[in-house]
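Note sheet for the following structure.
Here the structure is a predicted model, which means the values were calculated and not measured. Labels below follow one simple rule: chain letters A, B, ... track the order of the sequence lines, proteins then strands, and each chain is numbered from 1.
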Protein chains: 2
Amino acid sequence: MEKTKKPSSRDVAREAGVSQATVSYVLNNVPGVKIKEETREAVLAAARKLNYYPNEIARSMRLKKAMSIGVVSDKDLSNFRLMKILEGIKDALLPKNYSITLCFDKQNGPIEQAESVRYYRSNRIEGIIFVYTELREEDYRYLHEHKVPFVVINSHQNQSLSNQVQNDMEQALITALLSLKNAGKEEVAFLGLQDRSPLDRRFRGYLKALAACGLPAEERLCMRAPGKAEEIEEYLEAYYAEHQRLPAAILCESAGIGFRLLRFAARKGVTVPEQLSVIAIGSSRFSTLSYPALSTIENPLYEMGYTGCQLLFNLIEGKPAQSIITLEWRFVPRESS
Amino acid sequence: MEKTKKPSSRDVAREAGVSQATVSYVLNNVPGVKIKEETREAVLAAARKLNYYPNEIARSMRLKKAMSIGVVSDKDLSNFRLMKILEGIKDALLPKNYSITLCFDKQNGPIEQAESVRYYRSNRIEGIIFVYTELREEDYRYLHEHKVPFVVINSHQNQSLSNQVQNDMEQALITALLSLKNAGKEEVAFLGLQDRSPLDRRFRGYLKALAACGLPAEERLCMRAPGKAEEIEEYLEAYYAEHQRLPAAILCESAGIGFRLLRFAARKGVTVPEQLSVIAIGSSRFSTLSYPALSTIENPLYEMGYTGCQLLFNLIEGKPAQSIITLEWRFVPRESS
DNA sequence: CTGAAAGCGCTAACAT
DNA sequence: ATGTTAGCGCTTTCAG
């Protein structure tokens, strides 16, 4: 692929018979600089004739702005989440002509060696959006100390840390439980994994919503499986063997777990939603494709991306801004409840 | 976020008591340039002391290399595909220290106005990877004419066009059909959409594999639904009403359609795989989460990304390279067949 | 209203 | 073995 030399603003200037400065003025519509209509036309014509497009790298260099922001995700995140969030980020970026640089941070190493942070130090990006389940506290500290503009978009964070797009699922949770209650299902269990501190918030939300709805909270209804999500069907098997039945309704910690519960119910011949109502917390592009379609409580992914990005720009531009933003989840009933 | 001025190579030079050139030499390990161990140490020490990291923008500018490639996807693509491909691209990029710039092209407009192409013209990226179901022929022409380094990664393309990572599913298809035949299912239908020229290849592959396996091809077995994927259950309803039964085995055009067929079967009380075997063409992260888990014929997404990226680099660097690469699909049996 | 000139941070001849 | 120097393509004072 031979490099056909691209014209520079200098070439355009020569072609139009003006100076380079003038070219810059008209092409950027620099405010406060008046250009005679005649010269402006000449420049535009020359640019078109030569097929000129400004070199963004040179521009970046001069302006000392990378014109790009980095987006990182820990790989465990469902792709659906990330893509939806990316769409939101992109739309927020569009009017600014910024681009998205995808970063792939290794999860284990110290954050100062993460690709995203290296990119920032090298001026390749102006800020970082972490789409993480959880950013370690030491990483927060590091980023703050080094004045790296960043925001964290997540749905699991327990504490209210700064630079964060948070979300509130309490109301949606109550709406969901109420719909169960109205359907006569007074016995609502929670199914999740034991060792998942990032998702604890969901369990606590469940407990809180239970109380708000006047529903009983019993030990038997807290189904916390040991091990990994892949093994949850074994847990259900054991639970079923012990209790000889499933609760009337089960709220699942994640969509993945919801699907597995659906699998289990189908295997056991438990009909959903007649004998068992299932609702999962979290979005999935598969929700409408399972049988029955999975009712979910969804986080506003697109909006999280959009606002997160705006937050980041406020940080980059040093504008005063509230550094924690909260968005609402919503209950989307489908066939399984 | 106040900009704490970052040190430049000049600062490092001053600190180490050497020239800027020397700094560049040691930091880049320029081949053919010998530096006294002593000075090298001094430079390294100074860099560490000042917390110096080279400004990649300036470097890009000088080198006339953007150090980034653009990746575009038409939004209809399942996210799973894209993410897997991105991982492959990333790994191919890693040793080169190139980054990924995500581009979002509008699907309808002319390609010369697409973001990816604009980024290329502006020197923000050095080449483009299109993860497209189909790139229009006029777009191919445009890209070639303007000498834009690009490759297309897709699984649907009918014709053998250049700069493409292709794939061959014939063998995998035969393996799948054979496994059906061995299970006594001699009647294998194809379920897909009518108006989907990009996916026609799959249908033709089915026909070919059928012949190769000595299986009959009947009109009744070609289930081509009108309308969109969302409406396929209605089509199945009609088909069922007309024939009073489903074929013994059905090969689905895509994973999404496979899931919908599973839904339909569950609703009708048709047991899978006993009464009906289901196999879908395409990868999905939900294959293991449906009930029963969906057997699929999967394309080598990661490898497609990886090789696609290498192909692109050959183009960028002007190396001679075969411009069409073919990778093999593979059959992954699960519970539904 | 427009031009001349400086310089962003880096690399690579070319000198020494 | 290292230093000098000249730009890369752009924006932006500062003059005119």
Tabulate atom names and distances for all N/O pairs under 3.5 angstrom spanning the protein and nucleotides 4-8 of chain C.
| unit_1 | atom_1 | unit_2 | atom_2 | d |
| --- | --- | --- | --- | --- |
| C/dG7 | N2 | A/R62 | NH1 | 3.1 |
| C/dC8 | O3' | A/K64 | NZ | 2.9 |

Legend entry - Nucleotide range of DNA chain D lying under 4.0 Å from chain A heavy atoms: D/dG9 to D/dT13

Inset, instruction - Tell me which of B/T22 and A/N28 sits closer to the 5' end of DNA chain D, going by the nucleotide each one is nearest to. - result: B/T22

Inset, instruction - Determine the contact category for B/N123: base if any of its heavy atoms lies under 4.0 Å from a base atom, sugar-phosphate if only primed atoms, P, OP1 or OP2 are that close, otherwise nothing. - result: nothing

Legend entry - Those residues of residues 31-54 of chain B lying under 4.0 Å from DNA chain C by at least one heavy atom: B/Y52, B/P54

Inset, instruction - With sequence neighbours left out, write down each residue that passes side chain to side chain contact (heavy atoms under 4.5 Å, CB included) with B/S99, or none if nothing qualifies. - result: A/T101, A/Y119, A/R124, B/S68

Legend entry - Check: B/N299/B/S283 side-chain N/O donor and acceptor closer than 3.5 Å: yes

Inset, instruction - Just jot down the side chain to side chain contact (heavy atoms under 4.5 Å, CB included) partners of A/E38, sequence neighbours excluded, or say none. - result: A/K36

Inset, instruction - State whether the side chain of A/T307 and the backbone N or O of A/E303 hold a donor-acceptor pair below 3.5 Å, judged by distance alone. - result: yes

Inset, instruction - Indicate, with a heavy-atom threshold strictly under 4.0 Å, whether A/S24 touches base, sugar-phosphate, or nothing. - result: base

Inset, instruction - Answer yes when B/K84 and B/E87 have at least one side-chain N-carboxylate O distance shorter than 4.0 Å, and no when they do not. - result: yes

Legend entry - Side chain B/E126, main chain B/M67, donor-acceptor under 3.5 Å: yes

Inset, instruction - Determine, for A/Y120 and A/K147, whether the Lys NZ or Arg CZ falls below 6.0 Å from the six-membered ring centre while staying within 45 degrees of the axis. - result: no

Legend entry - Rounded interatomic separation in angstrom, taking CD1 from A/I57 and C1' from C/dC10: 13 Å

Inset, instruction - Using the side chain to side chain contact (heavy atoms under 4.5 Å, CB included) rule, pick out the option among A/N163, A/I89, A/L86 that qualifies with A/I129. - result: A/I89

Inset, instruction - Drop me the distance from B/S116's OG to B/L102's CG, to the nearest 0.5 angstrom. - result: 11.5 Å

Inset, instruction - Determine: side-chain N/O of B/S9 to OP1/OP2 of C/dG9, distance under 4.0 Å, yes or no. - result: no

Legend entry - Inter- and intrachain pairs under salt bridge (charged side-chain N to carboxylate O under 4.0 Å, His left out), touching residues 14-29 of chain B, at least two apart: B/D11-B/R14, B/E15-B/K49

Inset, instruction - Measure from the ring center of B/F313 to the ring center of B/Y98 and say whether it is less than 6.0 Å. - result: yes

